[in-house]
Structure formats: C-alpha cells, structure tokens
Amino acid sequence: MTAHAPGATPRHYLMCEPTHYTVSYRINPWMDPQRVTDTDLAVRQWRTLRDTYLELGHTVDTIDPIEGLPDMVYAANGATVVDGVVYSARFRYPERAAEGPAYQKWFADRGFVTHTAEQVNEGEGDLLVVGDLILAGTGFRSDRASHAELQELVGHPVISLELVDDRYYHLDTALAVLSSDPASPQIAYYPPAFSAGSRAVLERLFPDAVVATDDDAAALGLNAVSDGLHVVVAPRATHLAGELRDRGYTPIPVDTSELLKGGGGAKCCTLEIRR
C-alpha cells in the first residue's frame, strides 16, 4: 500500500540572509570559484523562499550574517535541534569552522540548552529527524562518531547511512523528509547516493519511499523542505514533483539556482527548530 501525505504541521525555521554570499573556495563538487555569482540574485531568491514559508503559516527567525562566512546562508548546517536541545555543528573544513559557534550562540542567547559537539558533524545537513528516528549521513562531512554522540544526547535512535557519491556530500542532498509523523513517516531519496547496505536499511525502514531519478537528484531536488503536506522543491525536479502529487503532497517550486552554485537548495537554507 502506498503511503500518502498526512497533513501540514506549522514549523519554526531559522534562516540567514545571504548578504555576503559568494563562492570563493571549493569544498564540494558544485562549487567553482571561477564561476560568477550574483549576490543580489541570491538575496532575492532567499527572500522568496522565506516569504513562501511565511505564506504557508510557518515561523521564520533569522540570524545575522557574518562577513567572511559566505556559506552561513546554509543554515541547516549550523546545528541540529531535537526536543529543544541544540547539538552544535563542528565543521569538517576550516572555511566554515566559525559558523558552528555563531549558530550555537544564537540559540544560547535565546535560552536554548546547547551542547558543544566533540565530533565532526554538519548539523541538519547530515542529521534528519524522521518520526522518532534520526537518519544520519556519513562518508564525506560528518563523522560516524557524531551519530553516537547525538544519540546519547537526545535519546532518539540514530541510523547511520553511508554516502558514496561526492555530489551528494550531505544527507540532505540525497534524501528529503516528507513526513515526520511517527505514525506515518515518509521520505524521498536517491538510491545511488548510498552504499548497498544503507540502501537496504532505507528499503526496510521506508518501503513506500518516493524514489528520485538521476535528473531529480542532479537538480538538487531532494534538498527539499516539507511541512507534511506542502513540499518546497527545486523547479527542475519535475519527476519528483509529479511523484509527490501522486502521494497527496503539494509541491511548491522555488528557484534557488544561484545558491545551488554553493551546493545548496531550499533545505540547506532552512534549519528547523524543534521544541
């Protein structure tokens, strides 16, 4: 039996306007410092994304961008928030190292309980909450040891998944959470991005998952944001959008093509605050 969308739930997001956005270094295959970036266009696209969330009835907070941290716009990488507990990011590359403390301070200043990670992890880039589970990516950015650290911190089962294609260097580029309802959790994912064992785990846990095509994945279509009904998705992921409609979801195309030059889409720009 094919699972269908259970319904929308209001969400609380943290975002960072790309005031200082550019591509000045290369730490993933999407980035090319020789390619011209348009900061003004990135800001316009980001504001459209933010306004889309507001129109859907979600709450959006913002963190001030910091000059010299052009990737700070990818807020999802800044932390992971589960049951009101903030697990800080600890970035693999020095170019992004200062982002983790900046995001942690934002949460601490607002009264959140924060935990400074000892293990390398890149926030919701590799740590995705699906119902009572946390799916955790490793292979390129986050160390497997961070999965155990997070599990001890929040008490949710953490499922390690091995990424094997460097184009999909974070879990949220290869897998999207469609429903976090514990009674009907659902995902979409791109099987070739995962090791054979990890694909088997996903097939066992989510037999009714939406399977993305090569073109969907290449458009970074799985870097999507769902509230359980509406799914903000890359416009070029047309097959994925059709599959979502068939399952009862409402795909909402939002162009983040300028931010894709840094290797991120809608989800990368969106950190969910789960109280």
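The basis for the numbers below is simple: all heavy atoms, side chains too, and nothing from hydrogens, waters or symmetry mates. What you see is a predicted model; the values in this text were computed from it and never measured.
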What one should report as the nearest heavy-atom pair of Val233 and Gly221 is CG2-O, 3.5 Å
Is there a side chain to side chain contact (heavy atoms under 4.5 Å, CB included) between Val86 and His115? Walk through the geometry before answering. CA-CA 6 Å; Val86 179; His115 176 85; over 6 Å; no
With a 3.5 Å distance limit and no angle check, can you tell me whether Asp126 reaches the backbone of Leu171 through a side-chain donor-acceptor pair? yes
So, Ser146 side chain and Asp143 main chain: donor-acceptor pair closer than 3.5 Å or not? yes
If you look at every heavy atom in Ala266 and Val232, which pair is closest and at what distance? CB-CG1, 4.0 Å
Using modelled atom types only, decide if a donor and an acceptor are shared between the side chain of His20 and the backbone of Asp71 within a distance under 3.5 Å. no
Under-4.0 Å salt bridge between Asp216 and Arg236: no
Looking at His230 versus Tyr249, is the centre-to-centre ring distance below 6.0 Å? no
Report yes if some heavy atom in the side chain of Thr173 is under 4.5 Å from a heavy atom in the side chain of Leu220; otherwise report no. yes
Any side-chain heavy atom of Glu118 sitting closer than 4.5 Å to one from Arg90? no
Say whether Leu175 and Val231 are linked into one hydrophobic cluster, either directly or through other cluster members, by side-chain heavy-atom distances under 4.5 angstrom. yes
For the residue pair Val81 and Phe107, establish whether any side-chain heavy-atom pair is separated by less than 4.5 Å. yes
Backbone N or O of Met31 within a donor-acceptor pair of the Arg26 side chain at under 3.5 Å? yes
Begin from the C-alpha positions of Phe140 and Tyr169 and carry the test ring pair (Phe, Tyr, Trp, His ring centres under 6.0 Å) through to its verdict. CA-CA 6 Å; Phe140 296 103; Tyr169 57 95; 8.0 Å; no
With side-chain hydrogen bond (donor to acceptor under 3.5 Å, both in side chains) as the criterion, how do Glu17 and Thr62 come out once you've worked through the C-alpha distance, each side chain's angles and the decisive distance to 0.1 Å? CA-CA 8 Å; Glu17 185 165 310; Thr62 57; over 6 Å; no
To the nearest 0.5 angstrom, please state how far the CD1 atom of Ile134 sits from the NE2 atom of His147. 10.0 Å
Hey, could you give me the CE/SG distance between Met15 and Cys269, rounded to the nearest 0.5 Å? 6.0 Å
Is the shortest side-chain N to carboxylate O distance from Arg44 to Glu258 below 4.0 Å? no
Does the pair His156 and Asp132 meet the rule for a side-chain hydrogen bond (donor to acceptor under 3.5 Å, both in side chains), with working shown? CA-CA 6 Å; His156 287 259; Asp132 292 327; 4.9 Å; no
With a 4.5 Å cut-off on side-chain heavy-atom distances among I, L, V, M, F, W and Y, is there a chain of contacts connecting Leu178 to Leu56? no
Non-hydrogen side-chain atoms of Ile27 and Glu95 separated by less than 4.5 Å: yes
How close do Ala75 and Cys16 get, counting heavy atoms only, and between which atoms? CB-N, 4.4 Å
Minimal heavy-atom distance between Pro70 and Ser24, with the atoms involved, is CG-OG, 4.3 Å
If Ile, Leu, Val, Met, Phe, Trp and Tyr residues are connected whenever their side-chain heavy atoms lie under 4.5 Å apart, and connections chain through other members, are Trp30 and Leu163 in the same group? yes
d(Thr19 OG1, Ile66 CD1) to nearest 0.5 Å is 11.5 Å
Run Ser88 and Thr116 through side-chain hydrogen bond (donor to acceptor under 3.5 Å, both in side chains) and show every step you take. CA-CA 5 Å; Ser88 77; Thr116 303; 4.9 Å; no
Quick check: do Val23 and Arg35 have side-chain heavy atoms less than 4.5 Å from each other? no
Ignoring hydrogens and geometry, is there a side-chain-to-backbone donor-acceptor pair from Thr256 to Leu259 under 3.5 Å? no
Leu240 and Thr213: CA distance, side-chain angles, deciding distance, side chain to side chain contact (heavy atoms under 4.5 Å, CB included) verdict: CA-CA 8 Å; Leu240 178 61; Thr213 65; over 6 Å; no
How many angstroms lie between CD in Glu149 and CD in Gln151, if you round to the nearest 0.5 Å? 12.0 Å
Can you tell if the side chain of Pro191 reaches within under 4.5 Å of the side chain of Tyr189, non-hydrogen atoms only? yes
Shortest non-hydrogen separation from Pro6 to Gly228 and the atoms involved: CD-O, 3.5 Å
Check whether any side-chain heavy atom of Asn77 lies under 4.5 Å from a side-chain heavy atom of Arg96, and answer yes or no. yes
Thr270 pairs by side-chain hydrogen bond (donor to acceptor under 3.5 Å, both in side chains) with which of Tyr13, Tyr74, Tyr53? Tyr53
Okay, side chain of Ser142, backbone of Thr138: is any donor-acceptor separation there less than 3.5 Å? no
Quick check on the hydrophobic clustering: are Ile63 and Val73 connected, directly or via other members, by side-chain heavy-atom contacts under 4.5 Å? no
Could you check Asp172, Val177, Leu161 and say which one makes a side chain to side chain contact (heavy atoms under 4.5 Å, CB included) with Leu135? Leu161
At their closest point, which heavy atom of Ala174 faces which heavy atom of Tyr168, and how far apart are they? CB-CB, 4.0 Å
Check: Glu122 side chain, Arg141 main-chain N or O, donor-acceptor pair, under 3.5 Å: no
For the pair Tyr190 and Asp214, evaluate side chain to side chain contact (heavy atoms under 4.5 Å, CB included) and give the outcome as yes or no after the intermediate values. CA-CA 8 Å; Tyr190 179 57; Asp214 293 349; 2.7 Å; yes
Backbone N/O of Val154 and side chain of Tyr87: donor-acceptor pair under 3.5 Å: no
Do Asp255 and Ser257 meet the criterion of a side-chain donor-acceptor pair at a distance under 3.5 Å? yes
With a 4.0 Å cut-off on N to O distance, would you call Glu272 and Arg11 a salt bridge? yes
To the nearest 0.5 Å, how far apart are CG in Leu271 and CH2 in Trp106? 8.5 Å
Inter-residue atom distance Asp109.CG - Gln104.CD, 0.5 Å rounding: 10.5 Å
For the hydrophobic clusters of this structure (ILVMFWY residues joined by side-chain heavy atoms under 4.5 Å, transitively), does one cluster hold both Val158 and Leu128? no
4.5 Å side-chain heavy-atom contact, Phe91 and Glu99: yes
Any side-chain to backbone donor/acceptor pair from Thr37 onto Thr39? Under 3.5 Å, distance only. no
Is a side-chain N or O of Asp83 found less than 3.5 angstrom from the main chain of Val85, in a donor-acceptor match? no
Would Glu124 and Lys267 pass as an ion pair if we require N to O under 4.0 Å? yes
Run His12 and Arg274 through side chain to side chain contact (heavy atoms under 4.5 Å, CB included) and show every step you take. CA-CA 7 Å; His12 186 183; Arg274 302 176 187 84; over 6 Å; no
Intermediate values then yes/no, side-chain hydrogen bond (donor to acceptor under 3.5 Å, both in side chains), His58 and Asp227: CA-CA 9 Å; His58 305 310; Asp227 62 13; 3.0 Å; yes
